[in-house]
Amino acid sequence: MKVRSVKEGNTEILVPIPAEGANFAPSAAPVFYNPVMEMNRDISVAATSAFVKRMEPDPEKVITYVDALSASGIRGLRISNELGVHTTLNDWSEEACALIQQNIDNLEIDHNTVASHKNANVLLHEKHFNIVDLDPFGTPGPFLAAAARSVVNLLEVTATDTAPLCGAHLNSGIRKYAAIPFNNEYHSEMGVRMLLGKIARELSLHDKAMNPLLTHATRHYVRTYLEIKKGAKRADTMLQNMGFIAHCPQCGHRESIHGLAVPIKDNCSHCDGKNIIGGPMWLGKLHNPDFCNETITELETRNCGTKQFAIKMLELCRDELDIPMFYDQHLICKKVGVSASRIETVIQELQNRGFLASRTHFSGTSFKTDANISEIELIIADIR
Ligand code: SAM
C-alpha cells in the first residue's frame, strides 16, 4: 500500500494513496481516509477536550476513549496526540491495523495508545470505555447495542446514511431505525431526531440515559455528542422525550406529540387536512449551550484547519431554539407569493410580534419559532 503524509490539527499521519486509475472515492482505498470529514474531526477533538475538562479527572484515574471503527486512525490518533487521553484504535481490517500501528509508532504515543484488531461489537461487549466514538460507513445501527453497553460517560456517533434517516429511502429508514421518517423541507432535522430516538432506546435497555450536548447535520452526515448517565429512573425520564410529529402537507402545520402509545389526530388541528405521522423519534434538546461555548473556546485555542466554519456552525447550534421542526422561508414565500427576505429580518419580525424565533444550523434559509403556520405566513407577507 502506497502512503502519503497528511496533517490535521497538530497530528501528522500516513494515509493510503489510491492506486493510479482507481476509483478515487475514499471508500475504494485499501484503508479509508476522507479529507472532507476534517471539520467533523476538528469538532470531535474540541468537543472531547471540552468534555474531558468537565470530568475534572482525578490524576490517578485514567480516562479511556475508543475509536471503534478507526480506518487510518486519524480520529483517535488526534485525540491521543492532542489531548493525551488513553486511546484504543480499533479496526477489523488487517491493513488498517498495520497502518494504525505505524502511525502510533511515528507519533511516539505508544505509552497511552493501543491498536486493536477486532470486530468492534466484540471489543465493545468486552470492555467499558469512558468515551465511545462510532464513525462507521453509513448507519451506526449495527454497533449501537454494543456501544450502549460499553459507554460510561460520553457517546459520540456519526451517521452518513442520510437517505434512510431523512426519508428518501423510506423502507431502509424503517428497518434501520424502527421509525417512520418523512422527506420534506425539514428532512435534515428529521434525520437527526430519528438517529437520536434510536440511540435513546438502545441506551434505555441498559438503564442508561443520554443528555445531548451537541448535534449537527452537515453535508452528508449527522454527528452527535451525548453525555451518558446511569440509572433506570433517568432512563425513564429520558424516554419522555420520545414521540411523534404530525405534519399537515396541505398547510405546513406541524405538532409534536410526546409519548409512545398516544392518540394522534388523523386531521390537522389547523386546516383539517390529512396529517402524516413520523416517529417515534427524539423530540428533546439537541444541544447544551454551555457545552457549545466550551467547544467553541477549544476550537478558538486549538490548531485546526476548519476553525472558522466549525465555530460559525457551533454558534448557530448554540443559539437555535429547542423547538422541533424548522420552517423554510422559501417554501412559505412561494405559497404566500412574496419574495424572500434576509433571514435575520424574518426572525426580527417574528420577535417584534412577541414570538420566539431563531436561525438554525440546519439551513441558512430557515428558522425556528413558536409561531404557528398562519402567524408565520401573515408576518412573511407583511415584510416589505
Ligand atoms: N473513523 C475513520 C475516520 O475518521 O477517518 C473512518 C472510519 S471508516 C468510515 C469505517 C471503518 O470501519 C473501516 O475502516 C472498516 O474497516 C471498519 N469496520 C467496518 N465494520 C467493522 C467492524 N464490524 N468491526 C471493526 N471495524 C469495522
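Whatever order the structure lists them in is the order used to number ligands and atoms, beginning at 1.
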Ring centres under 6.0 angstrom apart (Tyr225, Phe291) = no
Honestly, for Ser70 the part within reach of ligand 1 (heavy atoms, under 4.0 Å) is backbone
May I ask you to identify, for Tyr33, whether its side chain, its backbone, both or neither come under 4.0 Å of ligand 1 on a heavy-atom basis?
-> neither
Tyr65 and side-chain hydrogen bond (donor to acceptor under 3.5 Å, both in side chains): which partner among Asp133, Thr87, Thr88?
-> Asp133
Between Ser72 and ligand 1, find which residue part has any heavy-atom pair under 4.0 Å and reply side chain, backbone, both or neither.
-> neither
Tyr177 versus Thr139, side-chain donor and acceptor atoms under 3.5 Å = yes
Does any N/O atom on Ser93 come nearer than 3.5 Å to any N/O atom on ligand 1?
-> no
When only distance counts, is Asn34 in polar contact with ligand 1, meaning an N/O pair under 3.5 Å?
-> no
Side-chain touch His216/Ile43, heavy atoms, less than 4.5 angstrom | yes
May I ask you to decide whether Arg359 forms a salt bridge with Glu344, counting only side-chain N to carboxylate O separations under 4.0 Å?
-> yes
for atom 12 (O) of ligand 1, nearest protein heavy atom and its distance come out as Leu69 CB, 3.5 Å
Which of the numbered atoms in ligand 1 are below 4.0 angstrom from a heavy atom of Lys118?
-> 24 (N), 25 (C)
Side-chain (Ser150) to main-chain (His125) donor-acceptor, under 3.5 angstrom | no
Any N/O of Asn119 closer than 3.5 Å to an N/O of ligand 1?
-> yes
Asp207 side chain to Ala232 backbone, donor-acceptor under 3.5 Å = no
Could you list the atoms of ligand 1 found under 4.0 angstrom from a heavy atom of Arg75?
-> 1 (N), 4 (O)
Of the backbone atoms (N, CA, C, O) and the side-chain heavy atoms from C-beta on, which set of Arg41 has a member under 4.0 Å from an atom of ligand 1: side chain, backbone, both, or neither?
-> side chain
How about Arg78 and Ser44: does a side-chain donor come under 3.5 Å of a side-chain acceptor?
-> no
Which residue supplies the protein heavy atom nearest to atom 16 (O) of ligand 1, what is that atom called, and how far is it?
-> Asp91 OD1, 2.7 Å
Atom 18 (N) of ligand 1: the protein heavy-atom neighbour that sits closest, reported with distance to 0.1 Å = Trp92 NE1, 3.5 Å
Closest protein heavy atom to atom 2 (C) of ligand 1, given as residue, atom name and distance to 0.1 Å | Asp135 OD2, 3.2 Å
Relative to the heavy atoms of Phe143, which atoms of ligand 1 are at a distance of less than 4.0 Å?
-> 20 (N), 22 (C), 23 (N)
Which atoms from ligand 1 have a heavy atom of Pro136 less than 4.0 Å away?
-> 9 (C)
Which ligand 1 atoms, with their elements, are less than 4.0 angstrom from a heavy-atom of Ala71?
-> 6 (C), 7 (C), 14 (O)
Taking non-hydrogen atoms only, is Ala96 closer than 4.0 angstrom to ligand 1 via side chain, backbone, both or neither?
-> neither
Do the non-hydrogen side-chain atoms of Asp42 and Lys307 ever get within less than 4.5 Å of each other?
-> no
Going by heavy atoms in the side chains, are Leu196 and Thr224 under 4.5 Å from each other?
-> yes
Just jot down the ligand 1 atoms closer than 4.0 angstrom to any heavy atom of Ile74, in number order.
-> 3 (C), 4 (O), 5 (O)
Indicate yes or no for a side-chain donor-acceptor contact from Gln351 to the backbone of Ala357 under 3.5 Å, with no hydrogens or angles considered.
-> yes
So which heavy atom in the protein is nearest atom 24 (N) of ligand 1, and how far is it from that ligand atom?
-> Ala120 N, 2.8 Å
Where the side chain of Glu38 meets the backbone of Thr306, is there a donor-acceptor pair that is under 3.5 Å apart?
-> no
